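Accompanying notes for the structure given below.
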There are 2 protein chains.
Amino acid sequence: MKTINLTTQRQAVYDVVREAEDHPTAADVMNRLVERGHSFAYGTVYNSLRYLTDKEMIRELKLGETASRYDARTDDHQHIVCEVCGKVGEVMTPMPEEWLAKVAEETGYEVHEAHIVVEGVCAECRSKRKR
Amino acid sequence: MKTINLTTQRQAVYDVVREAEDHPTAADVMNRLVERGHSFAYGTVYNSLRYLTDKEMIRELKLGETASRYDARTDDHQHIVCEVCGKVGEVMTPMPEEWLAKVAEETGYEVHEAHIVVEGVCAECRSKRKR
DNA sequence: TTTCAATTTAGAATAAGTATAAATCTATTT
DNA sequence: AAATAGATTTATACTTATTCTAAATTGAAA
């Protein structure tokens, strides 16, 4: 089933995520939809986010906060979160294949993928702190 | 402040986590306490888990499920989750330092740590599937 | 234009965890 | 031992994020 049915609502949700500079939560998406003059049901936004995630048009990120975030970049990459301001950055440096191979060997699992959340302090917060 | 005040409740919660073979959620801990004849308030279990986590006697794991899990192993390690049965295994193979260094360079963040959740299929589920 | 499935809506329900205020426990001082 | 103070526990209310439900709407196909 590769058919993708983009209703008005789904398209609008997709646009918000695609045009976001950050990694918005469902609530963020909701707010931005309202700013754009939409008023969809709360459930519809969640449904749309799930639909788009299923179709792999966006990715759902679970970064250890209470709410999921969404990302329109679907290529393989990881994330880094600033412990001070919460800003989320993309990590494109690929995880070495041999680490995954070793993990497979160690655990006996067939390894599919790794979700990595790096924690640290962003440059901005670092310079503020030094003061 | 290194003083650790282990009340009856905290000790009992700690015992449950320490003696667990798996990675129990707060609800799991609650049930096991009841099995052992305790009946603590729900909030106390959460408080105790947080206290023990703060004192670094246990670790809180956020593996992308809705509920946190707890682990009495506090040494540096990662986790692997079976996509089929949900079983959580320990990953002791250390993350290559140079990957973290590259991430720091790429992002401009001061990198503190990485939480990794590997997904795959455990040996048991794999052999069942082959049938 | 009738029909059927898919979708949206509004609102209720759920799950995990936090907050609160009163009660209880613990240690120390009198 | 009685009094005090601080920490902890309890019961319960609340919050937040998300899912579920049933009715209404939409849209494509016959």
Side-chain angles (χ1 to χ4, degrees), chain A residues 1-17 20 22-34 36-55 57-71 81 86 88 117, chain B residues 1-17 20 22-34 36-55 57-71 81 86 88 117:
Chain A
M1 314 274 126
K2 256 268 136 79
T3 27
I4 288 181
N5 176 12
L6 278 195
T7 60
T8 311
Q9 300 57 358
R10 287 171 184 169
Q11 181 68 59
V13 168
Y14 182 50
D15 289 345
V16 166
V17 176
D22 54 355
H23 299 80
T25 62
D28 292 334
V29 171
M30 195 68 193
N31 291 336
R32 292 172 202 185
L33 286 167
V34 171
R36 292 175 183 206
H38 297 293
S39 64
F40 304 145
Y42 216 71
T44 301
V45 174
Y46 277 102
N47 282 341
S48 299
L49 288 169
R50 186 156 23 144
Y51 181 89
L52 295 167
T53 303
D54 286 350
K55 300 296 180 190
M57 296 175 66
I58 63 177
R59 273 178 55 190
E60 182 183 7
L61 309 180
K62 303 196 168 175
L63 304 179
E65 302 159 300
T66 53
S68 286
R69 295 183 171 276
Y70 294 87
D71 190 345
V81 182
V88 178
V117 181
Chain B
M1 314 275 125
K2 257 266 135 86
T3 28
I4 289 180
N5 177 11
L6 279 196
T7 61
T8 310
Q9 316 27 21
R10 288 171 185 168
Q11 180 69 58
V13 168
Y14 182 50
D15 288 346
V16 166
V17 176
D22 54 355
H23 299 80
T25 62
D28 292 335
V29 171
M30 196 67 194
N31 292 336
R32 292 173 201 185
L33 286 167
V34 171
R36 292 175 182 206
H38 296 293
S39 65
F40 303 145
Y42 215 72
T44 301
V45 174
Y46 278 103
N47 282 343
S48 298
L49 289 168
R50 187 157 21 142
Y51 181 89
L52 295 167
T53 304
D54 286 350
K55 300 294 181 189
M57 295 175 66
I58 63 176
R59 272 177 55 189
E60 182 183 6
L61 309 181
K62 303 198 169 174
L63 304 179
E65 302 159 299
T66 53
S68 286
R69 294 182 172 277
Y70 295 87
D71 190 344
V81 183
V88 178
V117 181

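Predicted, not measured: the structure shown is a model, and the values here were computed from it.
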Nearest to the [X] side chain among [options], which nucleotide is it?
X: A/Arg10; options: C/dT8, C/dT18, D/dT18; answer: C/dT8
X: B/Asn47; options: D/dT9, C/dT18, D/dT18; answer: D/dT9
X: A/Ala41; options: C/dT9, D/dT10, D/dT18; answer: C/dT9

Least distance between heavy atoms, [X] atom then [Y] atom:
X: A/Ser48; Y: A/Val13; result: CB-CG2, 3.8 Å
X: A/Tyr70; Y: A/Thr25; result: CD1-C, 4.5 Å
X: B/His23; Y: B/Arg69; result: O-NH1, 2.6 Å

task: Output yes when A/Asp22 and A/Arg32 qualify as a salt bridge under the 4.0 Å nitrogen-oxygen rule, no when they do not.
output: yes
Contact nearer the 5' end of DNA chain D, comparing B/Ser39 with A/Thr8: B/Ser39
Hey, does the side chain of [X] come within less than 4.0 Å of [N]'s phosphate (OP1/OP2), counting only N and O?
X: B/Asn5; N: D/dA7; value: no
X: B/Thr25; N: C/dA16; value: no
X: B/Gln9; N: C/dC25; value: no
X: A/Tyr46; N: D/dT19; value: no

If you look at every strand shown and take non-hydrogen atoms under 4.0 Å, does [X] touch a base, only sugar-phosphate, or nothing?
X: A/Thr66; result: sugar-phosphate
X: B/Thr7; result: sugar-phosphate
X: A/Tyr42; result: base

Integer-rounded Å distance: [N] [atom2] and [X] [atom1]:
X: A/Phe40; N: C/dA10; atom1: CZ; atom2: P; value: 11 Å
X: B/His38; N: D/dT8; atom1: NE2; atom2: P; value: 18 Å
X: B/Tyr51; N: C/dT18; atom1: OH; atom2: P; value: 17 Å
X: B/Arg69; N: C/dG17; atom1: CZ; atom2: P; value: 11 Å
X: A/Gln11; N: D/dT26; atom1: CD; atom2: C1'; value: 17 Å
X: A/Leu6; N: C/dT8; atom1: CG; atom2: P; value: 10 Å
X: B/Glu60; N: C/dT18; atom1: CD; atom2: C1'; value: 13 Å
X: B/Leu49; N: D/dT9; atom1: CG; atom2: P; value: 12 Å

query: Listed by chain and number, what are the ring-ring contact (aromatic ring centres under 6.0 Å, His included) partners of A/Tyr51, not counting sequence neighbours?
result: none
